[in-house]
Participant: 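Can you keep this structure in mind? I'll have questions shortly.
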Amino acid sequence: MKNIMFIAPPAAGKGTQAELVVQKYNIPHISTGDILREISKEDNEIGNYVAETLASGRLVKDEITYQLIEERLKKEDCQNGFIIDGFPRNLDQAIKYDEILNNLHLDIGNVILIDIDEKTLEKRIVGRRICENCGSIYNINDEKSAPQIESVCDNCGGALYQRTDDNLESFQTRYQMYKEKTEPIINYYKEKNVLQTVDGNDTVENVFKKVDEIISK
Ligand code: AMP
């Protein structure tokens, strides 16, 4: 199957869509945000730097992301397709990504942009809760995505937590970063003829239907 890349503003649902793709196609989900959140728990210089940067909503240094992406893509399980989510996040990273793919003889595959309104994102971000055990994503402000029991994961019973950067202040910075740094890569992929756009202002199921139409072609 073709490799898949998701591009989307913060809280557009790319993590949720990626998990649905994983369930259906059983390919690895590589999220730089998830990897960085793990690194941020380490009590050392790099862990502290990453934790502070994530909480502020700014982007971490490119070099850190290159190293972790390259190491992850070298693993055997990426040979039969993978989903990359959260990388590249600026034009330099997009150019570097081409180089990494080239060196590893991997293909860019489908680049999927989830397009969504800023107001919808603001509402989603403050209500997002994540299971600390299995990573399932909920939204307490949306009936359809809320957990059945407050703060408890429907899937595994794990405790739900709120990301340190899921607040309005960090959102403003993250959204600004997206507009300024990430949006230029949309044109980069348009010119390469690999970009497809999905309307993200819809239910999780309907967005996934459109995503699945693209990747099952
Ligand atoms: P995400 O889970 O994709 O929303 O990412 C959470 C945070 O991790 C971002 O706000 C950035 O601080 C950091 N991050 C994730 N991916 C990258 C990347 N490719 N380059 C720089 N920072 C990143």
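Both counts, for ligands and for their atoms, begin at 1 and track the order of listing.
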Participant: Starting from atom 8 (O) of ligand 1, which protein heavy atom do you reach first, and at what distance in Å?
Facilitator: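 Answer, as residue, atom name and distance: Leu54 CD1, 3.6 Å.
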Participant: Which of the numbered atoms in ligand 1 are under 4.0 angstrom from any heavy atom belonging to Gln93?
Facilitator: 18 (C), 19 (N), 20 (N), 21 (C)
Participant: Which residue and non-hydrogen atom of the protein lie closest to atom 22 (N) of ligand 1, and at what distance in Å?
Facilitator: Val60 N, 3.1 Å
Participant: Checking contacts here: is it the side chain or the backbone of Arg163 that comes within 4.0 Å of ligand 1, counting heavy atoms only? Could be both or neither.
Facilitator: side chain
Participant: Check this for me - ligand 1, Phe87, N or O atoms closer than 3.5 angstrom, yes or no?
Facilitator: no
Participant: For Arg174, take its heavy atoms, then give the atoms of ligand 1 lying under 4.0 Å from any of them.
Facilitator: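 This gives 4 (O), 10 (O) as the contact atoms.
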Participant: Does the side chain of Glu122 come within less than 4.5 Å of Tyr175's, by heavy atoms?
Facilitator: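 No, their side chains stay 4.5 Å or more apart.
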Participant: For Ala11 versus Ile125, what's the shortest heavy-atom pair and its separation?
Facilitator: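 For Ala11 and Ile125, the tightest heavy-atom pair comes out as CB-CD1, 3.6 Å.
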Participant: Can you list every pair that meets ring pair (Phe, Tyr, Trp, His ring centres under 6.0 Å) and has a residue in residues 5-64, with sequence neighbours left out?
Facilitator: none
Participant: Of all the atoms in ligand 1, which lie at a distance below 4.0 Å from a heavy atom belonging to Lys14?
Facilitator: 3 (O)
Participant: Taking side chain to side chain donor-acceptor pair (under 3.5 Å) as the definition, give me every residue that meets it alongside Gln176, ordered by chain and number, with sequence neighbours left out.
Facilitator: none
Participant: Does the pair Lys181/Asp92 count as a salt bridge with the N-to-O cut at 4.0 Å?
Facilitator: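 Result for this pair is no, no salt bridge flagged.
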Participant: For atom 16 (N) of ligand 1, state which one of Asp34, Thr32, Asp165, Ile64 supplies the nearest heavy atom.
Facilitator: Thr32
Participant: Looking at Asp166 and Arg129, is any side-chain nitrogen of the basic one under 4.0 Å from a carboxylate oxygen of the acidic one?
Facilitator: no
Participant: Among all protein heavy atoms, pick the one closest to atom 5 (O) of ligand 1 and tell me residue, atom and distance.
Facilitator: Arg89 NH2, 3.2 Å
Participant: Please state which protein non-hydrogen atom is closest to atom 23 (C) of ligand 1 and give its distance, to 0.1 Å?
Facilitator: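 Closest protein heavy atom to atom 23 (C) of ligand 1: Leu36 CD1, 3.7 Å.
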Participant: For ligand 1, is there an atom lying under 4.0 Å from some heavy atom of Arg37?
Facilitator: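 Yes, Arg37 has a heavy atom closer than 4.0 Å to ligand 1.
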Participant: In terms of side-chain heavy atoms, does Ser145 have a donor or acceptor partner in Asp142 at a distance below 3.5 Å?
Facilitator: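 Looking only at side-chain atoms, Asp142 and Ser145 do form a donor-acceptor pair, the distance falling under 3.5 Å.
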Participant: Applying a 4.0 Å heavy-atom criterion (strictly less than), which segment of Leu59 is in contact with ligand 1: side chain, backbone, both, or neither?
Facilitator: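 Both backbone and side chain.
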Participant: Working note: Lys209 + Asp202, criterion salt bridge (Lys or Arg N to Asp or Glu O under 4.0 Å); need CA distance, chi angles, decisive distance, verdict.
Facilitator: CA-CA 11 Å; Lys209 258 185 218 155; Asp202 206 339; over 6 Å; no
Participant: Taking only heavy atoms of Arg58, which atoms of ligand 1 are found under 4.0 Å from at least one of them?
Facilitator: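 Close to Arg58: 11 (C), 12 (O).
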Participant: If I compare all heavy atoms of Val204 with all of Gln17, which pair ends up nearest, and what's the gap?
Facilitator: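 Closest approach of Val204 to Gln17: O-NE2, 3.2 Å.
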